[in-house]
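Reading through the structure tokens given below for one structure.
Note that ligands are numbered from 1 as they come in the structure, with each ligand's atoms numbered from 1 the same way.
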Amino acid sequence: MTAFRTDWGSISFDDRMSTSEFRIHERAHIVVDGDACRGCSTQECVVACPARLFVPTSDGGVLFNYEQCFECGTCYLVCNTEGAISWNYPEGGHGIVFHQT
Ligand code: SF4
Ligand code: SF4
């Protein structure tokens, strides 16, 4: 029987990443519209993404890299700017694979 973990918050970022495998598709499953982001002063995605894939830039925008995405959907939920994030799951056989520790 599989034991479900309830203590993810205590796992370090490095440990979280080391137990994950990413089968990267050449086409991004999440696309962030830099123009839509330019007027966003709160940038919720930066603090909400557990994989730290949104990085603020000095000109007030964000850089985004889809490759190590956990597919949790948090960025899409917290973003209040319509059209800023286009979110899909990766194509079959691609994306994250979680390994038990
Ligand atoms: S993705 Fe959404 S929350 Fe993040 S900077 Fe762009 S508009 Fe703001
Ligand atoms: S789906 Fe989750 S891990 Fe992927 S970019 Fe959005 S918040 Fe980050």
Side-chain angles (χ1 to χ4, degrees):
M1 186 174 136
T2 302
F4 291 99
R5 302 187 68 150
T6 57
D7 60 345
W8 291 109
S10 64
I11 298 175
S12 74
F13 179 74
D14 288 342
D15 285 347
R16 204 183 309 161
M17 298 306 277
S18 69
T19 56
S20 307
E21 176 189 341
F22 300 93
R23 297 180 183 163
I24 300 166
H25 194 282
E26 60 188 5
R27 187 155 10 99
H29 62 290
I30 299 173
V31 177
V32 178
D33 180 347
D35 289 337
C37 294
R38 230 176 296 286
C40 176
S41 59
T42 48
Q43 297 186 334
E44 290 89 347
C45 57
V46 174
V47 291
C49 175
R52 301 179 184 170
L53 298 180
F54 293 83
V55 178
T57 59
S58 57
D59 63 357
V62 291
L63 281 178
F64 173 70
N65 179 1
Y66 72 95
E67 295 183 352
Q68 295 188 314
C69 173
F70 291 135
E71 299 165 34
C72 63
T74 306
C75 54
Y76 190 67
L77 288 174
V78 300
C79 177
N80 289 315
T81 304
E82 192 171 341
I85 296 180
S86 301
W87 204 104
N88 291 286
Y89 283 109
E91 289 189 26
H94 295 84
I96 189 161
V97 179
F98 293 106
H99 297 287
Q100 287 195 317
T101 55

Measure the distance from [atom] to every protein heavy atom, then report the residue, atom name and distance (to 0.1 Å) of the closest one.
{"atom": "atom 6 (Fe) of ligand 2", "result": "Cys75 SG, 2.3 Å"}
{"atom": "atom 3 (S) of ligand 1", "result": "Glu44 OE1, 3.5 Å"}
{"atom": "atom 2 (Fe) of ligand 2", "result": "Cys72 SG, 2.3 Å"}
{"atom": "atom 4 (Fe) of ligand 2", "result": "Cys69 SG, 2.3 Å"}

Any idea which atoms of ligand 1 are less than 4.0 Å away from a heavy-atom of [X]?
{"X": "Ile85", "result": "1 (S)"}
{"X": "Cys40", "result": "3 (S), 5 (S), 7 (S), 8 (Fe)"}
{"X": "Thr81", "result": "7 (S)"}

Presence of N, O or S from Cys37 under 2.8 Å of atom 6 (Fe) of ligand 1: yes

Reported [atom1]-to-[atom2] distance for the pair [X] and [Y], which is rounded to 0.5 angstrom:
{"X": "Cys75", "Y": "Phe70", "atom1": "SG", "atom2": "CZ", "answer": "12.5 Å"}
{"X": "Asn65", "Y": "Ile30", "atom1": "CG", "atom2": "CD1", "answer": "10.5 Å"}
{"X": "Cys79", "Y": "Gln43", "atom1": "SG", "atom2": "CD", "answer": "10.5 Å"}
{"X": "Asp33", "Y": "Arg38", "atom1": "CG", "atom2": "CZ", "answer": "8.5 Å"}
{"X": "Ile96", "Y": "Tyr89", "atom1": "CD1", "atom2": "OH", "answer": "12.0 Å"}

Would you say [X] contacts ligand 2, with heavy atoms under 4.0 Å as the rule?
{"X": "Gly73", "answer": "yes"}
{"X": "Phe54", "answer": "yes"}
{"X": "Phe64", "answer": "yes"}

Test log, rule side-chain contact (heavy atoms from CB on, under 4.5 Å), inputs Cys37 and Val32: CA-CA 8 Å; Cys37 294; Val32 178; 3.5 Å; yes

Nearest-option assignment for atom 5 (S) of ligand 1, heavy atoms, candidates Cys45, Gly34, Gly61: Cys45

Ligand 1 versus Val78: contacting region, heavy-atom distance under 4.0 Å: neither

Cluster overlap Val78 with Tyr66, hydrophobic side-chain contacts below 4.5 Å: no

Part of Trp87 within contact of ligand 2 (heavy atoms, under 4.0 Å): side chain

Residues Glu67, Phe22; criterion side-chain contact (heavy atoms from CB on, under 4.5 Å); working and verdict: CA-CA 7 Å; Glu67 295 183 352; Phe22 300 93; over 6 Å; no

Aromatic ring pairing Phe64/Phe54, orientation class (parallel under 30°, perpendicular over 60°, tilted between): tilted

Side-chain H-bond candidate by donor/acceptor type, Asp59 with Thr57, under 3.5 Å: yes

N, O or S of Cys49 under 2.8 Å from atom 8 (Fe) of ligand 2: yes

